[in-house]
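Reading through the structure tokens given below for one structure.
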Amino acid sequence: MEMQTVQRKKLRQDVVKKNVFVWSILFYPMLCFAVFYVYVNINSFIMAFQKTDIYGNSVWFGFGNFKTFIKMIVEDGGILRISFKNSIVYYLFNLCLEIPLGLIFSYLLYKKLPGSSVIRGIAMLPQVISALVVTLLFKNFMDNAIPAVMEQIFHKDNFPSLLSNPKYSFGTIIFYSIWTGFSSSLIVYSNAMNGVDPDVMHSAHIDGVDSMWQELFYIILPLIFGTIQTYLLTGFTSILMNAGPLAAFFEAYAPEETYMVGYYYLSRILRGNEHEYNMLAAGGLLMTLVAAPCTWGLKKLLDKFVPEV
Amino acid sequence: MEKSRKVRRIVNKATMYFLYALLIVQCISTLIPLVWMVFTAGKGYVEYYDNPFLWPKKWRFENFELAFKNIKLQVREGKKVLEYGVLDMAGTSVIYAFLSSGWGTMWTALVAYVLAKYKFKGGEFIYMLGIIIWITPIIGSTPSAMLVKKALGIYDNLVLLVLTNVSTAFAGFNFLLLYGSFKRLPWSYAEAAFMDGAGHFTVLLKVFLPMMMPTCMVLFVLGFLGAWNDYGTFLVWLPSSPNLAYGVYKFQLDMKSFGGNICQVMAGFAMISVPTAVLYLCSQKLIVDKFQVGGLKG
């Protein structure tokens with residue numbers, strides 16, 4: 001009896017020790033989460049229904065901020081309308097070009113063709129050596145080097161800077177994003193492909209799978225769909241948050257033709273337009289109300305394709 | 001039948017090598033601006049305008065010296081105007097990169113360990129919460145975050161900003177990577193250590209963390225590289241404590257008023273690339289092998 005009591009006491013002590021250990025680790029991150037995520041978002045929600053009066057006090061404004069935001073979206077030629085259009089175009093290019101190219105190129109690395117290890121090393125360069133330097137190099141390359149070459153080789157005077165000229169700038173930004181964008185996915189996808197069991201591939205070959213496309217579509221892609229799903233979801237999540245490389249190229253003053261929603265928000269903050277914060281919060285709330293259910297719907301849909309392994 | 005299979009095999013190989021050639025071209029094209037940076041950094045201004053793409057006739061290392069001298073940033077702090085030179089900004093870069101990467105990786109690893117290895121009330125909930133906040137887009141909360149951080153004195157304070165930047169330590173790629181890795185390690189190691197009288201902290205510090213060190217090192221190095229090149233945080237949250245990336249960024253935006261030119265800008269770019277290039281080359285194999293992302297089923 002006494003033995004049982006002692007054992008029970010020891011068990012209780014172990015549980016207490018375990019809980020003390022667990023919560024001593026979780027306490028600080030959860031506190032930060034409560035303040036910098038939960039409270040910040042609750043505050044953003046409240047801000048959406050307020051405006052700042054001339055004395056700097058926050059006063060109730062009902063749905064006034066929402067009306068202003070919606071008016072700005074529907075306004076023909078307005079900067080927010082351009083931002084929405086560009087954000088969607090940017091995402092579609094990413095979805096239709098960057099992800100498929102990343103997957104195909106990763107497959108080639110996975111097949112270990114000659115020189116593939118060197119290419120894996122080079123592929124990460126723009127991401128790890130300095131994404132900022134690559135961005136700024138590209139800018140200087142477009143603004144200085146390309147016009148100089150066009151002048152010298154093709155004798156074309158006043159060749160426009162493809163980045164600064166509003167006519168070409170958004171197209172150039174999309175090109176830049178695709179050009180540098182799939183480098184990290186190249187490593188992630190090819191590492192995921194390396195995890196495919198060689199026996200599965202062997203059986204597939206016996207069953208008649210003999211072309212690159214068959215291998216890719218019928219064997220590899222279904223098996224690594226978990227990784228692809230993560231990329232598809234995070235890409236979708238960031239449609240309205242992505243500022244692209246715009247801040248690196250133009251700081252707070254990008255040409256209007258290149259604006260994306262994420263950059264619109266960033267530029268307002270960089271310019272210190274505090275009087276717009278309430279309207280921005282209302283816009284954020286509206287967009288979250290649309291984007292969050294869509295993201296979860298997409299996740300549910302994609303979950304159906306993830307193999308149970 | 002045999003002939004058509006042979007043709008198919010040839011077409012398949014040709015497609016594969018054609019696509020591989022495209023990949024090689026893409027890789028080479030990513031190197032072109034880097035090589036151009038080195039050329040330009042070694043040229044005189046006149047030589048650059050005569051021939052922006054050719055190898056320098058004579059290497060002019062004074063561009064590095066001039067960049068070192070000209071890259072400076074003036075920051076207004078109240079009534080005072082402070083001037084930051086390259087060395088000041090490099091110091092900030094080192095402190096910020098070490099602190100933010102080390103602190104972030106440490107907390108992510110600790111939280112991932114606890115959630116992966118311990119069953120307790122709320123554990124599953126926190127894990128699910130991490131996935132929810134990761135993939136649920138909360139748009140437009142930066143203005144609110146700005147007001148909150150200003151009110152708490154975190155805005156424009158490097159140390160406080162980094163120390164409080166662990167609010168999503170239980171979400172994101174890094175967390176999932178570490179969570180998955182801890183999950184795969186057998187708990188029997190811990191049981192053996194408990195039998196020998198070890199406590200929970202000892203098991204964490206002496207058994208599991210050493211086994212997870214290579215993965216943590218990869219995350220630390222990637223975090224360090226990201227933080228070293230981070231100008232965005234300084235642009236938005238830390239305008240009064242510029243790092244080197246922010247300094248070079250500002251310098252190239254407004255090089256004429258700094259008394260600089262394109263060759264000095266490229267020399268500045270080369271200067272900030274060297275530490276990260278060395279670090280990457282040293283840890284390249286580890287990074288390339290360990291960089292994996294799983295699915296999000298749940």
Given heavy-atom pairs under 4.5 angstrom as the criterion, report whether the side chain, backbone, both or neither of [X] touches chain B.
{"X": "N194(A)", "answer": "neither"}
{"X": "L286(A)", "answer": "neither"}
{"X": "P114(A)", "answer": "both"}
{"X": "K18(A)", "answer": "both"}
{"X": "M241(A)", "answer": "side chain"}
{"X": "Y277(A)", "answer": "both"}
{"X": "L186(A)", "answer": "side chain"}
{"X": "E274(A)", "answer": "side chain"}
{"X": "L266(A)", "answer": "side chain"}
{"X": "M212(A)", "answer": "both"}
{"X": "L113(A)", "answer": "both"}
{"X": "A282(A)", "answer": "neither"}
{"X": "I269(A)", "answer": "side chain"}
{"X": "I104(A)", "answer": "side chain"}

Taking [options] one by one, which has the highest count of heavy-atom pairs under 4.5 Å against chain B?
{"options": "Y264(A), Y265(A), Y37(A)", "answer": "Y37(A)"}
{"options": "L26(A), V20(A), N19(A)", "answer": "L26(A)"}
{"options": "I25(A), L240(A), V15(A)", "answer": "I25(A)"}
{"options": "F33(A), F250(A), F21(A)", "answer": "F21(A)"}
{"options": "A252(A), G283(A), G195(A), A248(A)", "answer": "A248(A)"}

Gap between atom [atom2] of [Y] and atom [atom1] of [X] - 0.5 Å precision:
{"X": "D303(A)", "Y": "L233(A)", "atom1": "CG", "atom2": "CG", "value": "8.0 Å"}
{"X": "L225(B)", "Y": "L279(B)", "atom1": "CG", "atom2": "CG", "value": "5.0 Å"}
{"X": "Y20(B)", "Y": "L108(A)", "atom1": "OH", "atom2": "CG", "value": "8.0 Å"}
{"X": "F125(B)", "Y": "I132(B)", "atom1": "CZ", "atom2": "CD1", "value": "7.0 Å"}
{"X": "Y231(A)", "Y": "F173(B)", "atom1": "OH", "atom2": "CZ", "value": "5.0 Å"}
{"X": "L137(A)", "Y": "F269(B)", "atom1": "CG", "atom2": "CZ", "value": "5.5 Å"}

Using a cut-off of under 4.5 Å for heavy-atom pairs, which of [options] has the most such pairs with chain A?
{"options": "A270(B), P275(B), S144(B)", "result": "S144(B)"}
{"options": "Q26(B), R8(B), M266(B)", "result": "Q26(B)"}
{"options": "L22(B), I24(B), I133(B)", "result": "I133(B)"}
{"options": "P33(B), G199(B), S167(B)", "result": "S167(B)"}
{"options": "D230(B), L147(B), V248(B), T168(B)", "result": "L147(B)"}
{"options": "G232(B), A145(B), S29(B)", "result": "S29(B)"}

Practice item. Show your reasoning for whether side-chain hydrogen bond (donor to acceptor under 3.5 Å, both in side chains) applies to Y176(A) and T135(A). Key: CA-CA 8 Å; Y176(A) 171 80; T135(A) 310; 2.8 Å; yes

Review point. Between N261(B) (side chain) and Q264(B) (backbone), is there a donor-acceptor pair under 3.5 Å?
Key: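 Yes; at least one donor-acceptor contact below 3.5 Å.
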
What part of [X] lies closer than 4.5 angstrom to a heavy atom of chain A: side chain, backbone, both or neither?
{"X": "F194(B)", "result": "neither"}
{"X": "L19(B)", "result": "both"}
{"X": "V148(B)", "result": "side chain"}
{"X": "Y48(B)", "result": "side chain"}
{"X": "M146(B)", "result": "side chain"}
{"X": "L163(B)", "result": "both"}
{"X": "V114(B)", "result": "side chain"}

Exercise for review: Determine, using ring centers only, whether F138(A) and W179(A) are less than 6.0 Å apart.
Suggested key: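 Ring-ring flag for W179(A)/F138(A): true, centres closer than 6.0 Å.
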
Review point. So, do Y249(B) and F234(B) have ring centers that fall under 6.0 Å from each other?
Key: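 Ring centres of F234(B) and Y249(B) not closer than 6.0 Å.
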
**Study point:** Donor-acceptor side-chain pairing of N12(B) and S211(A) below 3.5 angstrom
**Key:**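 Distance-only check fails for N12(B) and S211(A).
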
Point to revise | W296(A) versus T136(B), side-chain donor and acceptor atoms under 3.5 Å | key: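 Judged by distance alone, the side chains do pair up.
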
Review point. Using 30° and 60° as the class limits, which term best fits the ring planes of W103(B) and Y28(A): parallel, tilted or perpendicular?
Key: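 Judged by the thresholds at 30° and 60°, the geometry between W103(B) and Y28(A) is perpendicular.
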
Point to revise | K149(B) charged N/C atom sitting above F36(A) aromatic ring, 6.0 Å / 45° | key: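 So K149(B) does make the cation-pi contact.
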
Review point. Do the numbers put K150(B) on top of the ring of Y155(B), so that NZ or CZ is under 6.0 Å from the six-membered ring centre and no more than 45° off the axis?
Key: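 Judged by the rule, K150(B) and Y155(B) form a cation-pi pair.
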
Review point. Does atom CZ of R9(B) have more than 12 heavy-atom neighbours, drawn from other residues, nucleotides or ligands, at distances under 6.0 Å?
Key: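 Counting other residues, nucleotides and ligands, CZ of R9(B) stays at 12 neighbours or fewer.
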
**Study point:** Other residues, nucleotides, ligands: >12 heavy atoms within 6.0 Å of F201(B) CZ
**Key:**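 Yes, CZ of F201(B) has more than 12 neighbouring heavy atoms, counting only those of other groups under 6.0 Å.
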
Review point. Does a side-chain N-to-carboxylate-O contact under 4.0 Å join E215(A) and K111(A)?
Key: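 Salt bridge: yes.
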
